[in-house]
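Below, chains carry the letters A, B, ... as their sequence lines are ordered, and counting in each starts from 1.
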4 protein chains.
Amino acid sequence: MATTPAKAPAPDKRRLILDAAVRVFARRGFNQCRVADIADEAGVAYGLVYHYFRSKDQVLSTLFEERWNVMVEVIEQVDEQELAAREKLRTVAGFIFESYRHDPDLMKVIIVEVTRAANSFGRTHLPEIRLAYDGIARIVAGGVQSGEFRDVVTPSFAAMAFYGAVEQVLTGWIFADEAIGAVEFEGAKDAIVETICGGLNG
Amino acid sequence: MATTPAKAPAPDKRRLILDAAVRVFARRGFNQCRVADIADEAGVAYGLVYHYFRSKDQVLSTLFEERWNVMVEVIEQVDEQELAAREKLRTVAGFIFESYRHDPDLMKVIIVEVTRAANSFGRTHLPEIRLAYDGIARIVAGGVQSGEFRDVVTPSFAAMAFYGAVEQVLTGWIFADEAIGAVEFEGAKDAIVETICGGLNG
Amino acid sequence: MATTPAKAPAPDKRRLILDAAVRVFARRGFNQCRVADIADEAGVAYGLVYHYFRSKDQVLSTLFEERWNVMVEVIEQVDEQELAAREKLRTVAGFIFESYRHDPDLMKVIIVEVTRAANSFGRTHLPEIRLAYDGIARIVAGGVQSGEFRDVVTPSFAAMAFYGAVEQVLTGWIFADEAIGAVEFEGAKDAIVETICGGLNG
Amino acid sequence: MATTPAKAPAPDKRRLILDAAVRVFARRGFNQCRVADIADEAGVAYGLVYHYFRSKDQVLSTLFEERWNVMVEVIEQVDEQELAAREKLRTVAGFIFESYRHDPDLMKVIIVEVTRAANSFGRTHLPEIRLAYDGIARIVAGGVQSGEFRDVVTPSFAAMAFYGAVEQVLTGWIFADEAIGAVEFEGAKDAIVETICGGLNG
DNA sequence: AATGAATGAGTCTTCATTCAT
DNA sequence: AATGAATGAAGACTCATTCAT
């Protein structure tokens, strides 16, 4: 957001490779991609990928960590604000949906190849993934303590349900090959909160 | 030769292979498994896997379809019963959690390798997967029509949230290497319904 | 020697690969050879090499062990015979030179790629290599004990000198691209014994 | 900037690289070393290696030639002296063993990576290697002509045996990871001469 | 039906060398 | 002279699939 001042920022080859990797991973999936695809997409020589990254795995891990750290931080910052728990959850959902809106490829890669890949990167990055769940659980716990939320399910269960619902919506968008409209993006965070906080019951 | 005589059930090699595949796929993941692993686990010759199945992919697809069809049918049957929508959802959640309780390996494989594998089997089996979503959405729609549910989110959105929450709970169990207690299984379906239908708000 | 009865022994593919490996390793050296070269030379598919051997390294190790074990055994058997130490050494030298005469490629590979490769296979197979040195040293020690040999250098030093001289002669043959004549083979063992046992001094 | 002023000897980068190469080649072997390892060990930039040397091969060749030329010269000078052939051989063996004592890494590299590498550098440098053999053979021939040595084996065969014995002793030291004691260094040259010239026979 | 040897395309990774600065 | 980013060819190993018996 602040990297492009006036004329032309030196095109960092490392960044070029990471951005290219996002595109090819999103397009065909991590396992279906050859390292050559990344290099080609980035317009750099094959070997340069290995100059900057130890392995193909590390390219994906780097992408994940870059973004996931931001999300974990956002969740924490949101929790520190003076807001109703419901509003905090809305903000978190909004941030995640906005992340997808801003860079759908990156979010697709993170969710499909890491977050939901229980047998490969999901297990490797489990500690980091849990940081996000825990942050959400703390928001819920705060809501329970303040009396805003009922004390019917454990905060960590509620966090699971909340995050699961959010990710499923994203998965729906990922599977849908059509572009997502602005209205849907806007409505999604409200719908999530309406469902999880308000409940379906009349 | 008959599938189920009187005493000793004929050890159907095809079944042996499928069951072995579930175990090895659950243990190390579909991609990390070689066809030889399946054959070894089943105690049959390498080539026999290819006698019964066209490919390694087809082994997984068969496992998925066997189970998923049951689930889709259950959802439909539940919807046909004379029940409150909330009770229908509770039954569906209960069935899914029971499925995991009964055969955690199979459910793990189906969820991790198919349902959440957007770049491989998830896309292949998308139509079948959507059948389940649609079934749930119909239950919600019925609840809205009868006035039981508020008309705040679309039924298909609610179905996503519901199913996403359920799957996330299962994912949590899958990641947790410890065994899940009976109480948790029982409580899970109530907690899901309490969260999605009742809502967190007090 | 006993594997070929009457007509045509089934051409064991594993053996085919080993024999082919000897030829290509001798021709261009282990490091300069690709696994494909072995397969091509053997007339089998690439993958078959890996069906029978864990790695390219293991092909060489197998070749080495097959032959080296024979040599160690011969040295031991020679030592058990009722012979003057000098005759024992002559027999050992003769066996080694005959080994080269019978299969120069194999001996070249063993010496160049294992025995003299202190940074790779030489270190891996050091224990086995030392078995041969030790056997020779025992022969010398016997000669000293019987009074046949003077007690001027340690048996293990004498063994080193003896084996070093033998190997250097072989190395000379290996470097010489011309074929070695029968006379030279015959003379070599005598010359070695004459040099090491008789000494150069008049 | 001058190569050798008064006090601080200018740290010739070329020399730095050569010395570093000796250490890393000795440690892990030529083939197991990357050019980066040499540069790192020398504390210079990667590219500088290629500023001073055409290739990685040339670094090793330079090291070999520097030292080997000295040895060939020593052998020639020894032969020109008024000494018994036996004393000449003792001096040559002594020089080689002293070379190892003074810089074991360098001698290890020369022997393991060049002299005994029949499929790579050994073949490239064969002419130079033979110069040493020839020099030793001339010493033996002189001994035969003067009647000091018996005329039982050809001088070139005797040279092979002598050099082979010497190198085998060095190889033993190279393989032994422990340091070699002063006594052993001293005794080695006598033992070699005692064995090759005196002979084992009593 | 059952076996397991045989096939060969696919791909990650390494690393010597070049080159712009 | 010195730096280190950039290049790309080379090769070991994997493993799904086929096939002869």
Side-chain angles (χ1 to χ4, degrees), chain A residues 10 12-14 16-17 31-40 42-59, chain B residues 1 12-14 16-17 30-40 42-59, chain C residues 10 12-14 16-17 31-40 42-59, chain D residues 1 10-14 16-17 30-40 42-59:
Chain A
D12 180 358
K13 294 283 175 82
R14 195 185 118 99
L16 228 50
I17 291 168
N31 283 303
Q32 282 66 45
C33 276
R34 291 170 296 143
V35 174
D37 295 331
I38 304 174
D40 288 352
V44 302
Y46 195 113
L48 201 61
V49 176
Y50 285 90
H51 182 73
Y52 286 112
F53 303 95
R54 207 180 358 272
S55 66
K56 186 186 167 194
D57 280 23
Q58 216 218 328
V59 175
Chain B
M1 294 266 165
D12 181 356
K13 296 279 176 85
R14 194 185 117 100
L16 227 52
I17 291 168
F30 179 82
N31 284 303
Q32 282 67 45
C33 278
R34 293 171 301 146
V35 174
D37 295 330
I38 304 173
D40 287 353
V44 302
Y46 195 122
L48 203 59
V49 175
Y50 282 88
H51 182 74
Y52 286 112
F53 302 94
R54 198 173 20 260
S55 67
K56 186 186 168 195
D57 280 23
Q58 215 219 332
V59 175
Chain C
D12 181 357
K13 294 283 176 83
R14 195 186 118 100
L16 229 51
I17 290 168
N31 283 304
Q32 282 67 44
C33 277
R34 292 169 297 142
V35 174
D37 295 332
I38 303 174
D40 287 352
V44 301
Y46 192 110
L48 201 60
V49 176
Y50 285 91
H51 182 74
Y52 286 111
F53 302 95
R54 208 181 356 272
S55 65
K56 187 186 166 194
D57 279 24
Q58 216 219 328
V59 176
Chain D
M1 294 265 167
D12 182 356
K13 295 281 177 82
R14 196 185 117 98
L16 228 51
I17 291 168
F30 179 82
N31 283 304
Q32 283 66 46
C33 277
R34 293 170 301 145
V35 175
D37 295 330
I38 304 174
D40 287 352
V44 302
Y46 195 121
L48 203 59
V49 176
Y50 282 88
H51 182 73
Y52 286 112
F53 302 94
R54 199 172 23 260
S55 67
K56 185 186 168 193
D57 280 24
Q58 216 219 331
V59 176

Practice task
Would you indicate whether the side-chain heavy atoms of C/Asp40 and C/Tyr46 approach each other to under 4.5 Å?
Solution key: no
Exercise for the section: Identify the two heavy atoms, one from C/Ala39 and one from C/Val49, that lie closest to each other, and give their separation to 0.1 Å. Expected result: CB-CG2, 4.1 Å
Fill in the blank from the handout: When rounded to whole Å, the CZ to C1' distance for the pair A/Phe53 and E/dC12 reads 16 Å
Exercise for the section: Can you tell me the distance, in whole Å, between the CG atom of B/Asp40 and the P atom of E/dT3? Expected result: 12 Å
Practice task
Output yes when a side-chain donor or acceptor of B/Lys56 lies under 3.5 Å from a complementary backbone atom of B/Cys33, and no otherwise.
Solution key: yes
Practice task
Report the C-alpha distance between A/Tyr52 and A/Val59 in whole Å, list the side-chain angles of each, state the deciding distance to 0.1 Å, and finish with yes or no for side chain to side chain contact (heavy atoms under 4.5 Å, CB included).
Solution key: CA-CA 9 Å; A/Tyr52 286 112; A/Val59 175; over 6 Å; no
Problem - Value rounded to 0.5 Å, distance of CD1 in D/Ile17 from CD1 in D/Ile38 - result: 8.5 Å
Completion exercise
With B for base contact, S for sugar-phosphate-only contact and - for none (protein heavy atoms under 4.0 Å), nucleotides 12-21 of chain F reads BBBSBBB---
Problem - Pair assignment for E/dA20, Watson-Crick or G-U wobble, requiring both distances under 3.5 Å - result: F/dT3
Exercise for the section: Drop me the distance from A/Leu48's CG to A/Arg14's CZ, to the nearest 0.5 angstrom. Expected result: 11.5 Å
Practice task
Round to a whole Å and report the spacing from CG of C/Leu48 to P of E/dA9.
Solution key: 15 Å
